[in-house]
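The block underneath contains the structure these notes are about, expressed in structure tokens.
Within every chain, numbering begins at 1; the chains are lettered A, B, ... in the order of the sequence lines, protein sequences first and strands thereafter.
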2 protein chains.
Amino acid sequence: MTQQLKTYKDIRQIVMARITSQIWPVGELIPNEQDLAEEFGVARATVNRAIQEIADAGFVERRRKAGTRVVPRRSRDAVVQIPIIGEQISDMGRYYSYQLVAREIVPVTKKIAKELSLTPRTPAMHLICRHFADDIVWQLEDRWINLAAVPTVKAQKFDVIGPNEWLVREIPYSNAEHVFRAATASSIERRHLDLESDEPVFVIERKTWQASNIITWVRLSHSGNRFSMTTRDEIPYGKDALE
Amino acid sequence: MTQQLKTYKDIRQIVMARITSQIWPVGELIPNEQDLAEEFGVARATVNRAIQEIADAGFVERRRKAGTRVVPRRSRDAVVQIPIIGEQISDMGRYYSYQLVAREIVPVTKKIAKELSLTPRTPAMHLICRHFADDIVWQLEDRWINLAAVPTVKAQKFDVIGPNEWLVREIPYSNAEHVFRAATASSIERRHLDLESDEPVFVIERKTWQASNIITWVRLSHSGNRFSMTTRDEIPYGKDALE
DNA sequence: TAGTGGTCTAGACCACACT
DNA sequence: GTGTGGTCTAGACCACTAT
């Protein structure tokens with residue numbers, strides 16, 4: 001019998017299988033690294049790497065002296081990927097186009113002042129844009145940009161590329177907060193989204209910042225009849241080692 | 001001057017800072033592991049671990065011989081945590097209660113047959129439940145369970161604990177697919193969710209499976225006026241090493 | 001105090017993919 | 001062919017924390 005050498009991925013897969021199959025049930029301690037290293041015939045560092053990754057993925061908790069314990073599943077994570085709108089529409093196999101509806105520098109409203117952490121009536125750039133899939137309005141964008149955080153925005157006309165795309169190039173690594181909700185369409189949305197009567201809208205609101213500078217706040221609205229968000233979340237480390 | 005020893009977290013933080021500050025701009029190669037190891041005065045394995053994690057988080061792409069390259073941000077991941085409903089309501093500081101509205105074993109509808117991959121008219125368990133926050137209906141649950149995948153469900157009355165909670169205990173490690181949408185309320189939803197007239201609903205549909213067995217499909221509906229989902233997604237590895 | 005995980009090292013060999 | 005990352009090892013020391 002040929003003894004195959006085990007990699008950290010093999011070990012990760014075996015350990016994960018023992019957890020999901022409840023050989024090591026929720027709440028139980030699993031053997032320590034030294035014992036597993038002997039069982040699998042590898043160095044302790046190899047076992048450590050395998051179990052580290054399982055711990056990072058949230059399936060076990062490790063504490064010095066106490067050992068490694070299978071944790072109860074307290075919530076389900078759904079990872080929503082929010083693509084650049086143009087790419088999303090192209091990926092659907094449809095023709096993307098963009099229209100700038102309004103661009104103005106105006107004092108912020110009370111609500112936006114709060115979102116951008118500005119004092120009331122500070123000037124900010126306000127944009128309204130429409131994003132089309134073929135000839136259907138797919139997304140209405142209502143955006144405010146903090147001029148202090150992104151002064152170069154004043155030179156941008158946004159007649160050809162949208163503010164989202166421009167901001168992603170300008171400030172590639174920003175933090176974000178999203179709110180998803182179902183809403184009754186506002187009058188602006190009714191006017192620009194070509195909605196059926198009483199059709200709800202799916203709204204994504206996003207605030208982005210870098211360090212402590214709030215950069216922009218945006219409300220993205222979509223026809224409730226046409227739009228949905230889908231995620232697929234599988235237990236990781238399942239079949240890596242099966243080739 | 002005291003030379004501090006650098007850990008892999010220090011290096012991860014420094015490298016990440018060089019990426020986010022665009023010292024190493026999008027699209028560029030970064031130095032190889034050997035050079036970085038020398039710069040930081042650590043073993044190559046330490047640099048490897050730091051950059052591995054940054055690659056896992058999706059900020060760089062590594063290829064043998066070609067090196068490590070800063071990748072353009074193509075989409076934004078928003079991680080939505082969908083908690084066990086009872087815990088979510090308790091966490092809001094409100095009183096959670098549960099009501100079973102209907103429990104029956106009936107042939108699946110055409111739509112559900114498709115979702116559960118069953119032949120039409122196979123019997124399945126159908127449940128309607130209401131979840132309350134204080135005295136408000138917070139969530140309406142319309143659930144179908146595949147009897148072949150979970151035979152023990154037939155013995156469950158679900159008069160005290162909800163099917164979600166029971167299934168999480170029974171089958172802790174299942175895969176899931178979610179769909180989020182804004183919809184006009186159906187008649188069942190209008191009847192059970194105490195909605196204002198023409199109020200939209202926020203709908204979460206979830207299908208779960210383990211290996212190739214589809215376990216359950218559920219539609220969770222919420223008042224659009226009261227419900228929203230929020231995520232906060234920050235660039236990782238920012239301040240770990242600053243204490 | 002003792003047992004566990006957390007991390008580092010120096011060296012090694014390998015797998016891959018650019019040339 | 002050759003330079004890069006991918007991984008493993010054996011040993012070491014450290015940092016927690018349960019007891």
* Measure across B:H222 and B:W138 and return the closest heavy-atom pair with its distance rounded to 0.1 Å. => CD2-O, 3.5 Å
* Which heavy-atom pair separates A:V60 from A:V70 by the least distance, and what is that distance? -> CG1-CA, 4.1 Å
* To do: Mind running side-chain hydrogen bond (donor to acceptor under 3.5 Å, both in side chains) on B:R76 and A:S174 for me, showing each step along the way?
  => CA-CA 10 Å; B:R76 216 176 245 296; A:S174 58; 3.1 Å; yes
* Taking N and O atoms by type only, does the side chain of B:R63 place a donor or acceptor under 3.5 Å from a partner on the base of C:dA17? -> no
* Has the side chain of B:R64 got a donor or acceptor that lies under 3.5 Å from a partner of the other kind on the base of C:dA17? -> no
* Please say whether more than 12 non-hydrogen atoms of neighbouring residues, nucleotides or ligands are located less than 6.0 Å from CD in B:E61. => no
d([atom1], [X]; [atom2], [N]) in whole Å:
X: B:L29; N: C:dC18; atom1: CG; atom2: C1'; answer: 12 Å
X: B:R49; N: D:dC8; atom1: CZ; atom2: C1'; answer: 15 Å
X: B:E33; N: C:dT9; atom1: CD; atom2: P; answer: 13 Å
X: A:F40; N: D:dC8; atom1: CZ; atom2: C1'; answer: 16 Å
X: A:R62; N: D:dC16; atom1: CZ; atom2: C1'; answer: 14 Å
X: B:K6; N: C:dG6; atom1: NZ; atom2: C1'; answer: 20 Å
X: A:R69; N: C:dG5; atom1: CZ; atom2: P; answer: 12 Å
X: B:Y8; N: D:dC14; atom1: OH; atom2: C1'; answer: 15 Å

Is the phosphate of [N], meaning OP1 or OP2, less than 4.0 Å from a side-chain N or O of [X]?
X: A:N48; N: C:dG6; value: yes
X: A:Q52; N: C:dG5; value: no
X: B:T46; N: C:dT7; value: no

Considering only [options], which nucleotide approaches the side chain of [X] most closely?
X: A:T68; options: D:dG5, C:dG5, D:dT9; answer: C:dG5
X: A:T7; options: C:dG5, D:dC8, D:dG6; answer: D:dC8
X: A:N32; options: C:dG5, C:dC8, D:dG5; answer: C:dG5

* Asked: 5'-most contact on DNA chain D: B:K65 or A:A66, nearest heavy atom basis?
  -> B:K65
* **Steps toward side-chain hydrogen bond (donor to acceptor under 3.5 Å, both in side chains) verdict (A:Q139, A:S221)** => CA-CA 6 Å; A:Q139 181 184 87; A:S221 319; over 6 Å; no
* Structure fact -> In B:V150, B:N175, B:V153, the residue satisfying side-chain contact (heavy atoms from CB on, under 4.5 Å) with B:I215 is B:V150
* Consider only side-chain N and O atoms of B:R49 and B:Y8, and report whether a donor and an acceptor are under 3.5 Å apart. => yes
* Remember a base hit wins even if backbone is also touched, and classify A:Q34 as base, sugar-phosphate or nothing at under 4.0 Å, heavy atoms. => nothing
Any protein N or O atoms within reach of nucleotides 10-13 of chain C? Criterion: under 3.5 Å, listing atom names and distances.
residue: C:dA12; atom: N6; partner: B:R44; partner atom: NH2; Å: 3.2

* Asked: Does the distance from a Lys or Arg side-chain N to an Asp or Glu carboxylate O, for A:K207 and A:E205, drop under 4.0 Å?
  -> no
* To do: Determine which nucleotide pairs with C:dT19, using a 3.5 Å limit on both distances of a Watson-Crick or G-U wobble pair.
  => none
